Peer 1: 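Pasting a structure here, questions to come.
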Amino acid sequence: MIDWTGLTPLDAHGTLMGRAEEHPGFADPDYVRRRNSIAGPAEGHRVGDPSPAVSYTASEHATWRTVYAALQHPQERFACREVLRARALAPVPADGVPQHEEVSDRLEALTGFRFTLAGGIVPNKRFLGAMADGYFHAVQYVRHPAMPLYTPEPDVLHDVFGHGIHLTDPLFADLYRTVGRAAARVETDDALDLISRVYWFTLEYGVTLEQGRPRAYGAALLSSYGELGRFARADLRPFDLAELARLPYQVAGYQPVLFTVGSLAHLSDLLHGFLDDFDETTRDRYHLPALAERGFMACPPRA
């Protein structure tokens, strides 16, 4: 059996190293049908409309409990202090998969954010721009039960264990809105891709330093048992916009290169400094590469 908890589809040079499309989440036809039936209502869904309730199976609740139990110690050991404070208030139940609206009601009371329904990967303009209005696109399906500690695509566990913790905290919520306001001001694929890359290497895969030691704050790290245990052994580099824009990255698999900030206050200064006046001329003002010159993004095909 392939050990999907150690899958690294791309190495640091962007070379394909694995086959995420062979993960049972993509290859098991029964799972794919269930996944697609839960994702189906997202088609045509208006941002901000309530998410439909899902009748989760005993197996799906069991997968949730497995991941919940597995993540507790690694988060306590490897997450930064601000994340751990947010986790104490986050709507992350231990006993089973929550409904979107349950999570949203808790988040809205704390930071004004709500989940809005997604069926999978969402185009940059919609996904990023909705954050300006306090909506985070989240899916409802649960990862494959045979591989509960690794999924090649975001699922409800990723969204709640990662972004749900973030959006409990005012500092993180402010950064999501900062990203959203920048995306709402631009239209070109070039500008939106640049914002997406900054979002990816910070709020999804960001690392901060506490007394010189790397600590995870990115949502993708917080929701990944395997990656929490090995992110400190990745190629950790100081945050650098030009390098970040040129770097290949993959939606599925462990990230070979991660960027660090000195603190979350440092992160806030960096993102506000870059995004508060972001427009279609920002790339040229910062002498950043054009879209065609940036590292490629890879993700496995979805049936």
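Bear in mind that the values here come from a model prediction, so they are computed numbers and not experimental data.
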Peer 1: About how many Å separate CD of E280 and OG1 of T188, when rounded to the nearest 0.5 Å?
Peer 2: 3.5 Å
Peer 1: What's the spacing between D95 CG and R65 CZ if we round to 0.5 Å?
Peer 2: 7.5 Å
Peer 1: List the steps and the verdict of side chain to side chain contact (heavy atoms under 4.5 Å, CB included) for L267 and L271.
Peer 2: CA-CA 6 Å; L267 172 69; L271 292 188; 3.9 Å; yes
Peer 1: With a 4.5 Å heavy-atom cut-off, do Y217 and L222 have their side chains touching?
Peer 2: no
Peer 1: Are R87 and E76 ion-paired here, with the side-chain N under 4.0 Å from a carboxylate O?
Peer 2: yes
Peer 1: Please check if any side-chain donor atom of H163 sits under 3.5 Å from a side-chain acceptor atom of E204, or the reverse.
Peer 2: yes
Peer 1: Evaluate F172 against L264 for side chain to side chain contact (heavy atoms under 4.5 Å, CB included), listing each step before the verdict.
Peer 2: CA-CA 9 Å; F172 280 112; L264 291 194; 3.6 Å; yes
Peer 1: Out of curiosity, Y176 OH to L128 CG, how far, rounded to the nearest 0.5 Å?
Peer 2: 11.0 Å
Peer 1: Would you say that T260 contacts R237 through its side chain, given a criterion of any heavy-atom pair below 4.5 Å between the two side chains?
Peer 2: no
Peer 1: Below 4.0 angstrom, N of the basic side chain to O of the carboxylate: do D105 and R114 qualify?
Peer 2: yes
Peer 1: Parallel, tilted or perpendicular, judged at 30° and 60°: which one describes the rings of W64 and F161?
Peer 2: tilted
Peer 1: How about F127 and F136: are their ring centres within less than 6.0 Å of each other?
Peer 2: yes
Peer 1: Apply side chain to side chain contact (heavy atoms under 4.5 Å, CB included) to the pair D28 and H144, showing each step before the final yes or no.
Peer 2: CA-CA 9 Å; D28 178 350; H144 197 286; 2.8 Å; yes
Peer 1: Is R294 salt-bridged to D190, going by a charged N under 4.0 Å from an acidic O?
Peer 2: yes
Peer 1: Can you find a heavy atom in the side chain of H166 that is under 4.5 Å from one in the side chain of F113?
Peer 2: no
Peer 1: Scan side-chain atoms only and decide if D174 and H272 contain a donor-acceptor pair under the 3.5 Å cut-off.
Peer 2: yes
Peer 1: Can you tell me how far apart CG (L149) and OG1 (T151) are? Round to the nearest 0.5 Å.
Peer 2: 11.0 Å
Peer 1: Taking the ring of F278 and the ring of F274, is the distance between their centroids below 6.0 Å?
Peer 2: yes
Peer 1: Between R246 and E293, is the closest basic N to carboxylate O distance under 4.0 Å?
Peer 2: no
Peer 1: Using side-chain heavy atoms (C-beta onward) and a distance below 4.5 Å, is Q140 in contact with S51?
Peer 2: yes
Peer 1: Less than 6.0 angstrom from the centroid, inside 45 degrees of the normal: does R35 satisfy that with respect to the ring of Y141?
Peer 2: yes
Peer 1: Please determine if D155 and R143 form a salt bridge, counting it only when a charged side-chain N lies under 4.0 Å from a carboxylate O.
Peer 2: yes
Peer 1: Does this structure show an ion pair linking D279 with R285, if we count only N-O contacts that are shorter than 4.0 Å?
Peer 2: yes
Peer 1: Once rounded to the nearest 0.5 Å, what's the spacing between atom CG of L241 and atom CZ of R197?
Peer 2: 12.5 Å
Peer 1: Would you please classify the geometry between the F78 ring and the F231 ring as parallel, tilted or perpendicular, with 30° and 60° separating the classes?
Peer 2: perpendicular
Peer 1: How many angstroms lie between atom OG1 of T63 and atom CG of L157, to the nearest 0.5 angstrom?
Peer 2: 8.0 Å
Peer 1: So does D30 pair up with R33, basic N to acidic O under 4.0 Å?
Peer 2: yes
Peer 1: Does the side chain of E82 come within less than 4.5 Å of L171's, by heavy atoms?
Peer 2: no
Peer 1: When you compare the side chain of Q72 with that of Y68, does any pair of heavy atoms fall below 4.5 Å?
Peer 2: yes
Peer 1: Report the C-alpha distance between D189 and K125 in whole Å, list the side-chain angles of each, state the deciding distance to 0.1 Å, and finish with yes or no for side chain to side chain contact (heavy atoms under 4.5 Å, CB included).
Peer 2: CA-CA 9 Å; D189 290 343; K125 181 66 176 179; over 6 Å; no
